[in-house]
Amino acid sequence: ENKATAHAYKVYYAVLARCGDITNKDGIHACYNKSVMCQEWLEDPKAFVKWYLEHCYEVDGEEMDVDKDLFGDGSGMYCPEFCCVLPKGLNTMLANSKKHYREGETPDNVLPLGVRYNSKTNKYYGEITFFGTESTIQLSEWDTAEEAFAEYRIMKLSDIRTMAAKYKASIPEYIYKQLLKVDVKMY
């Protein structure tokens, strides 16, 4: 029990670091720039530890992550209503989508999720790395970014559903059911 509690506090401080409440941001990925922790957990770390110990489970051979997005509202808030514990592989697969730009990294040049631009052919294409594979697959070229995203979305949703089936016996049912509801949005 003491070992589990000590681990839960370690997880708490890792989440807190993602939320910018620790001055040393070395090693914290930029995707956490807008992450925040709810006041309840900020004021009472024991409340987080209690929540974590109630929701934590094990999946053979995998680290477990606290996720704020699967049940979240897009606010980046770590709180009891939005958080769940996921195997690292599943959490990584859900978050594994990079923002790309048509020409230069400016807000006006942002492409839809998973879409790239080929300046040689003046076409757009999706790019995906299916979970458990090393290689990135270039999808078909399209005249518009929206068409390329539509193809990417089909592939990403397929990857998410396949992973949900793979983990079904290892994850709580409420998480499995939420995975079946996941949508992939353009931005």
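All values derive from a computational prediction rather than experimental measurement.
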Derivation and outcome, side chain to side chain contact (heavy atoms under 4.5 Å, CB included), residues Ser158 and Thr162 | CA-CA 6 Å; Ser158 175; Thr162 300; 4.2 Å; yes
Should we say atom CD of Glu173 is surrounded by more than 12 heavy atoms from elsewhere, each under 6.0 Å from it?
-> no
State the [atom1]-[atom2] distance between [X] and [Y], to the nearest 0.5 angstrom.
X      : Y      : atom1 : atom2 : result
Leu53  : Lys46  : CG    : NZ    : 13.0 Å
Tyr125 : Glu141 : OH    : CD    : 7.5 Å
Leu113 : Ile128 : CG    : CD1   : 9.5 Å
Leu86  : Gln178 : CG    : CD    : 10.5 Å
Gln39  : Asp44  : CD    : CG    : 11.5 Å
Tyr52  : Tyr12  : OH    : OH    : 15.0 Å

Which heavy atom in [X] sits nearest to a heavy atom in [Y], and how many Å separate them?
X      : Y      : result
Val59  : Pro87  : CG2-CG, 3.7 Å
Val66  : Arg18  : O-NH1, 3.8 Å
Lys123 : Tyr117 : O-CD1, 3.5 Å
Met93  : Lys156 : O-NZ, 2.8 Å
Trp142 : Ala148 : CD1-CA, 3.5 Å
Leu179 : Leu90  : CD1-CD2, 3.7 Å

So do the side chains of [X] and [Y] get within less than 4.5 Å of each other, counting heavy atoms only?
X      : Y      : value
Ile160 : Val184 : yes
Tyr78  : Cys38  : no
Val11  : Phe48  : yes
Glu146 : Met186 : yes
Lys68  : Val15  : no
Glu127 : Tyr152 : no
Tyr174 : Phe71  : yes
Cys79  : Glu40  : no

Short question: side chain of [X], backbone of [Y] - any donor-acceptor pair under 3.5 Å?
X      : Y      : value
Asp159 : Phe131 : yes
Asp69  : Gly72  : no
Arg161 : Leu180 : yes
Thr133 : Phe130 : yes
His55  : Trp51  : yes

From CA spacing to verdict: side chain to side chain contact (heavy atoms under 4.5 Å, CB included), Phe149, Leu111 | CA-CA 9 Å; Phe149 173 76; Leu111 292 171; over 6 Å; no
Polar contact flag, side-chain donor to acceptor under 3.5 angstrom, Glu151-Ser140 |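 The answer is yes; a qualifying pair exists.
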Any donor-acceptor N or O pair under 3.5 Å, side chains Tyr167, Glu62 | yes
Full working for side chain to side chain contact (heavy atoms under 4.5 Å, CB included) between Asp67 and Val85 | CA-CA 6 Å; Asp67 174 75; Val85 178; over 6 Å; no
Determine whether Ile154 and Tyr124 fall in the same hydrophobic cluster, where Ile, Leu, Val, Met, Phe, Trp and Tyr are linked whenever their side-chain heavy atoms lie under 4.5 Å apart.
->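 No, separate clusters.
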Check whether NZ of the Lys or CZ of the Arg Lys168 lies under 6.0 Å from the centre of the six-membered ring of Tyr176 and within 45 degrees of that ring's axis.
->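 Yes, a cation-pi geometry holds between Lys168 and Tyr176.
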Assess whether side chain to side chain contact (heavy atoms under 4.5 Å, CB included) is satisfied between Glu54 and Lys50, documenting all intermediate values.
-> CA-CA 6 Å; Glu54 289 172 356; Lys50 182 178 187 277; 3.0 Å; yes
